[in-house]
Structure formats: C-alpha cells, structure tokens
A.B. asks: 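Let me begin by handing over the structure; questions about it come next.
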Amino acid sequence: VFKRFVEIGRVAFISFGPHAGKLVAIVDVIDQNRALVDGPCSGVRRQAMPFKCMQLTDFVLKFPHSARQKCVRLAWEKENINEKWAATRWAKKIEAREKKAKMTDFDRYKVMKAKKMRNRIIKHEMKKLQKMASKKGKKPEKPEKSEKSEKPAKAQKSEKVQKAQKAQKPQK
Amino acid sequence: MAGEKAPGEKKPGEKAPSKKKTSEKKPAEQKPGQKEGGEKKKKIKKHHASRNPVLARGIGRYSRSAMYARKALYKRKYTAPETKIEKKKKEKPRATITKPVGGDKNGGSRVVKIRKMPRYYPTEDVPRKLLSHGKKPFCQHKRRLRASITPGTVLILLTGRHRGKRVIFLKQLDTGLLLVTGPLVINRVPLRRAHQKFVIATSTKLDISGVKIPKHLTDAYFKKKRLRKPKHQEGEIFDTEKEKYEITEQRKTDQKAVDSQILAQIKKVPQLRGYLRSTFSLSNGVYPHKLVF
C-alpha cells in the first residue's frame, strides 16, 4: 500500500515553509513529528523539520544516521540527485506550472496559436480516418492505423507548444 | 603604524592633517584613498557590521578592551569641540568698514556697518499666501509616466472605440496623453492619443529607437475642432457642426510616414503582427490581478 517510507537517506521535497520547493535528505528522526534534515546541494542548512512539510520522493541515499553534512553531500552527488530530480515528472510539472504563471500576454497569444494549429492537425487526421472507416466499413485494421497516425502528429504539436513556451522564457 | 605615531604624538587631536602627513611620508600607499579617508573620517566612512558577535541576547563575545582593539579605537581619537576662546580667535567676516568722508571738520572717515539692520518689518510673521497658492494651471502640471510604459511598448487600450486592441506606444505628449498607433493596417487604430490610466502596459517592447516621429504631432494637432460661430438660428445650428469626421490628407501622410517605419520593426519579431491584430478579452477563470502582462 505504501511505497515510500521515511528512512535515513530518504530524499524529501519541502512543500511549504521558508524552504518551500527544495530537496532535502532525512538524516535522522527526532520524534514522531520531526526529523533532522540536511540539503547540502539545495541550500538548506542542517535543521529539524516537521514531517508535515515534507513530501517523500522516490530517491533514497545511502549514509549512516546522523552522518555529517560532508557525507550527505558526497552521497547526494554520487547519486546525482539533482539531475534525477529534474528528470522526474514531478519536477517537470512544477516547472511547467511556474512557466505558465510567468507567461506574458504575448506568450499567451503564441501558445494559443500553437495549440490551435496542433488541434487543427489532429482534427484533420481524425476526420480523414473517420472518413476512411465509414467508407470501407468496419475492418480490424482501422483502429491500429488511427493510433499510429495520431501519435506522430501529437508528438510534433506538443513539441511545438513546448518550444513556443520555452522560447519565450529565455527570450525574456 | 610607526609613521602615524610620530605626527600623532605631536598633535593627538588633529586627525585630518596627520593623515595627510602620513600619506606624504608613505608614497607607496594609495594617496587619494588615504586623503579621502582622512577627510571623511570626521563622519564615519562606511558602517561596518558589528565586530562583536552575539552569544546570547545582550551578551557579546568580546570584552570592552578586546573591542577597543578590534575597532581600532586606538587610532580613532576625536578632538573635543572648540572652546569659546578658540571660537573668539577664529577669523570672523568683517562687520564694519571705514569709509572716507569729504567736507571740512568732519573727521575724515566714518565707520560704516556692512550688514545693516532691516529698515522695515512687516506686521505679520509670514506674508499671507494667496488663495491660489500652490494651485498651478493645467499647462504647468507635472506630467508623470509609469515606468512600465516606454517608447515601443505594446499597450492594451481599455476604453474608447478601440477597447481591447493592442497598440504601440510612441511618445508622451505635452499634456501627458500618450501618442499611440495601431499601426493602421494592422488593427485600424490610427495615430491617436490615449490616456495613461486607461491602458494596460504589457511587457512586450518593440525597438523604436530608429523611428523618427514628426515634430508637428502635438496636442493641438489632435485636438477636436469645434465650430464656435453659430450665425444661423436655432434650427440650423446642428447642421453646421461636423457630424462626420473627415480624415484630412495630412493625417494620412503622417500615418503612412510613421507606420512604414514601425511596420519594418514589427516584421522582425515573429508573430507580433498577429498579436497586434488580435484583441484582448477576459474569459472564465482569467483574473486580471493574477495575469502577468
């Protein structure tokens, strides 16, 4: 039922508080509500932190309990947690949310245009397939073809939308 | 340190001259820095953070004597303020002057005061201010412009017949209104004035530094013209008023002149033309206070 446990070395994401948005490793458990926590590579000093503001991630580091910061840092860098974290969907969702909030009026216009274009292409393909299906009657080949042609079209459009969004961010 | 102690012993009080002497003796050290330091040391140069780390509230790490050394107070000694005797000895500006006087048996000269007592005192302390004090006419008002509005910014008009349209800001006119253009071919907004308060400034900016705006585009150019000589009777007055606004040829040429330059810049930015063509609107779930413009 539970897959992520509070253990020594568990990497947690801080959801609220002064260090909101940073990753820390659990170094030791103080009592039922608090843990000794350290984030040498994310700018969080070694401190006690309540479990309530931590959300557990999938990453676990290997170091003994109450290890000093240097050991935590070594383990962190050995596992390359920062890169692994950036590659997770969780981190990408957070980043996408931030980008959306920072969109200017011009960016919103560009995203609207990209989405419109993408939806048009998808609709166009769908209509084509529906036409073929209705003309030739029901055949088992049709659903396979529709999936294949939709996926490349969707992949192209999603890339364009992402590029449109990303291009605006560095341009700013 | 050694060089400083020698002049220091002579006059432990005088700060600035001693500093200057040490700077002369040690040409290796930075002269201008030292001289400035010597002159500025009457006021504290740069406030250093507390050199006494706090152990607990109200308790510092170092004792008084340790702090004396840490703050280098041994080299920071200030003189007592001038005593009255020294003040009296100070050079005062001349109060009187002796002038020769002609005439016989007159004494030859008179002692005349240079700064005389006023000849007249008004009966009230301060002259009464006019009722119109501090009230300036409109032409002398201070015109302000929001920092977010710079030449070339894309603005969203909020009122008027062009509400919702995105428009390029050119310059601020003398009355404080903003001179704005569509450009005309993009969204049918001509060279027009807009009020700063009824405009949203977006962060999208166009490089308009090379664009020259004709000088004759002033407020007088844009002001609405009204006939003020109804020579006809009551029934006919309404006919003479310009009901239809006619676009003058001058406006057309000015529009072309400005727009051609701006369109060249617009083409350089991808999708900007389409952006200016579109209008701004709110829909469900879109809250202006949460939008970043």
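Computed over heavy atoms, backbone and side chain alike; hydrogens, waters and symmetry mates excluded. Here is how names work: the chains are called A, B, and so on, in the same order as the sequence lines, proteins then strands, and each is numbered from 1. Since the model is a prediction, treat every value here as computed from it, not as a measurement.
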A.B. asks: Measure distances from B/L272 to the heavy atoms of chain A and classify the residue's part below 4.5 Å as side chain, backbone, both or neither.
C.D. replies: both

A.B. asks: Quick one: list whatever passes side-chain contact (heavy atoms from CB on, under 4.5 Å) with B/L145, sequence neighbours left out.
C.D. replies: B/I149, B/F169, B/Q172, B/L178, B/Q196

A.B. asks: With side chains defined as the heavy atoms from C-beta onward, is the minimum distance between A/F106 and B/V154 less than 4.5 Å?
C.D. replies: no

A.B. asks: Between B/V286 and chain A, which part of the residue has a heavy atom less than 4.5 Å away: side chain, backbone, both or neither?
C.D. replies: neither

A.B. asks: If I take atom OG1 from residue B/T202 and atom CG from residue A/D107, how far apart are they, to the nearest 0.5 angstrom?
C.D. replies: 10.5 Å

A.B. asks: Output all residues satisfying side chain to side chain donor-acceptor pair (under 3.5 Å) with B/T150, sequence neighbours left out; order by chain, then residue number.
C.D. replies: B/T153, B/K205

A.B. asks: What is the minimum heavy-atom distance between B/S203 and A/T104, and which atoms define it?
C.D. replies: OG-CG2, 3.3 Å

A.B. asks: Can you establish whether the number of heavy atoms outside A/R45 located under 6.0 Å from its atom CZ is more than 12?
C.D. replies: no

A.B. asks: For A/R120, is the CZ atom crowded, meaning more than 12 foreign heavy atoms sit under 6.0 Å from it?
C.D. replies: no

A.B. asks: When rounded to the nearest 0.5 angstrom, what distance separates CZ in A/R108 from CZ in B/F293?
C.D. replies: 6.0 Å

A.B. asks: Answer yes or no: are there more than 12 heavy-atom neighbours, outside A/K84 itself, under 6.0 Å from its atom NZ?
C.D. replies: yes

